[in-house]
Amino acid sequence: MFEAVFDRAGDEFVAIAEAGLDECLRLKNRYICTEHLLLALLSDPHNIGSQAFATMTIKVASVKEEVERILNERSEYEAPYGELQQTDEPTLGLSFRKTDDEALLSTPAFSRPAVAALLRAGDYSRYLGYEEIEPEHLMLGIIDQTDSGAARVFEELSVNLTFLKRQVMQLMARQAALSPDVPNLREAAVMGLKELIEANEQSANCLAELADRCHQRSIRLPSKAEIVHMVMMGFLGEFLFSQVAFQRYILEETITALARRCGPLDKELTASIVSTGATNMRAQVRSTIEHLLSHECRLLTQMLNDAEHDLIGSVIEDLWWTQSEEIALHELFAEAMDDHRRKHLLNLQKRRIEISQRLNKLKTRLDDTIRQCFVKRSASA
């Protein structure tokens, strides 16, 4: 699965990975860690991940200094902070850089959290409907690694990760709002889930061939139908959660662009647009699930009934409106920052934390609802 990351990598993503290797070599480290990838991201001011970080008013030089301080605390033979490997052998060496055999053996390997961040970047590119993995997806992937060296850097510099993640998503939405080719929720989910089903089926087939070669015919591997069933239960919730947030940001950027062109919009009109968006999003989710079950996932035995669609739809609308609250609160927070209203800022910060907690609970609720609906659908032979 790790090699598949670079099969889908865009040119800028590959350049960041190579720059991470260069940072590792420059600092004479044995593993390419999340800190090296973070340095590589921030060294290019043009990518979205770097631009989002710039809004934190933290200088790249400060990040570089903190990374080097943390890395220098490790002894020459110490495994990276929070990034232990069982072996020094570079089994996860960089396949994107062509080298001879001798050079490959001396190439640093990715640490485990770095691998996790790269894989997570691949997830985000699928969830948000991108054909290639871009640097902004890597920034999101690094943010998610709470036990990594980069997490320690963020902590030492007092980086608000919730805010940073929001900034990345907002900048991506701003770019997407100007593009006619951005997939909608249904296109992103169908394309991404189909890819995951095919990748996992290929892995199962490879294991079957290996078992046959080893004469282990008693091994039990999942059927195509079971793979489809597990992928739907394991990933559909994340697709829907990510897409609802992304589409809400895109709508907000579209409203902002419209206001710049036509002048301030009436509040009632704006509220009507957002409300219509919530209804459309709920309908899109139902259409997406029905399409998946009748086309991509025909091996499942039943469609969802109206009650189950209503359960999922209610969570989707709650997500949409909570994201709307988060967007409105962010605008109030920015205004308070400009006016230096400290007491008001503290109150807004508390509300931001509350909304963040609500979003996390809604994500869990969505995942649980999806599983409840699909666990009843058996996989046909």
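If you're wondering where the values come from, they're calculated on a predicted model, not measured in any experiment. Just so you know, residue 1 is the first one in the sequence shown, and it goes up from there.
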Run the side-chain contact (heavy atoms from CB on, under 4.5 Å) test on Q284 and Q247 for me, step by step, so that the C-alpha distance in whole Å, both residues' side-chain angles and the decisive distance to 0.1 Å come before the verdict.
CA-CA 11 Å; Q284 272 194 60; Q247 295 298 331; 5.7 Å; no
Atom pair [atom1] ([X]) and [atom2] ([Y]), whose distance is rounded to the nearest 0.5 Å:
X	Y	atom1	atom2	answer
L118	F6	CG	CZ	5.5 Å
H309	R282	NE2	CZ	11.0 Å
H46	E12	NE2	CD	10.0 Å
F235	D123	CZ	CG	6.0 Å
F246	L251	CZ	CG	12.5 Å
S242	L185	OG	CG	10.0 Å

Only counting residues at least two apart or in another chain, list the ones meeting salt bridge (Lys or Arg N to Asp or Glu O under 4.0 Å) with [X].
X	answer
K224	E201
E131	none
R26	E23, E68
D144	R120, K165

[X] vs [Y] side-chain heavy atoms within contact, under 4.5 Å:
X	Y	value
R358	D318	no
I312	C373	yes
L258	T254	no
S275	W321	yes
R166	Y249	yes
R174	I250	no

Any carboxylate oxygen within less than 4.0 angstrom of a Lys/Arg side-chain nitrogen, looking at E252 and R248?
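The answer is yes: the pair qualifies as a salt bridge.
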Check ion pair R69-E66 (N to O, under 4.0 angstrom):
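Here R69 pairs with E66 in a salt bridge, since their nearest N and O are under 4.0 Å apart.
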Short question: side chain of [X], backbone of [Y] - any donor-acceptor pair under 3.5 Å?
X	Y	value
N160	T162	yes
N200	L196	yes
N47	L41	yes
H229	F374	yes

What heavy-atom pair brings [X] and [Y] nearest, and what distance separates the two atoms?
X	Y	value
T34	A117	CG2-CB, 4.4 Å
E308	N305	N-OD1, 2.8 Å
M230	P222	CE-CB, 3.9 Å
R365	S314	NH2-OG, 3.5 Å
E226	S223	OE1-N, 2.8 Å
G20	L37	CA-CD2, 4.4 Å

Could you tell me if the ring centre of H330 sits under 6.0 Å from that of F163?
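Yes; F163 has its ring centre under 6.0 Å from that of H330.
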Is [X] atom [atom1] crowded by more than 12 heavy atoms from other residues, nucleotides or ligands, each under 6.0 Å away?
X	atom1	value
D11	CG	no
K363	NZ	yes
E156	CD	yes
E65	CD	no

Excluding sequence neighbours, so at least two apart, what forms side-chain contact (heavy atoms from CB on, under 4.5 Å) with S125?
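So S125 forms a side-chain contact (heavy atoms from CB on, under 4.5 Å) with R8, Y130, I133, H137.
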Got a sec, which residues hit side-chain contact (heavy atoms from CB on, under 4.5 Å) with C214, two or more places apart in sequence or on another chain?
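Per chain and number, C214 pairs via side-chain contact (heavy atoms from CB on, under 4.5 Å) with L210, Q216.
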Taking the six-membered ring for Trp, are H291 and H295 parallel (under 30°), tilted (30 to 60°) or perpendicular (over 60°)?
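Correct class here is parallel.
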Give the intermediate values and the outcome of side-chain contact (heavy atoms from CB on, under 4.5 Å) for residues Q323 and V274.
CA-CA 11 Å; Q323 288 288 352; V274 175; over 6 Å; no
Please assess Y124 against V168 for the test side-chain contact (heavy atoms from CB on, under 4.5 Å), listing each intermediate value before the final yes or no.
CA-CA 12 Å; Y124 275 115; V168 173; over 6 Å; no
I273 vs L269, side-chain contact (heavy atoms from CB on, under 4.5 Å): CA-CA, chis, key distance, verdict:
CA-CA 6 Å; I273 292 171; L269 175 59; 4.2 Å; yes
Under the criterion side-chain contact (heavy atoms from CB on, under 4.5 Å), which of V285, I289, L292, T288 is the partner of R186?
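Result: among V285, I289, L292, T288, T288 is the only option passing the side-chain contact (heavy atoms from CB on, under 4.5 Å) with R186.
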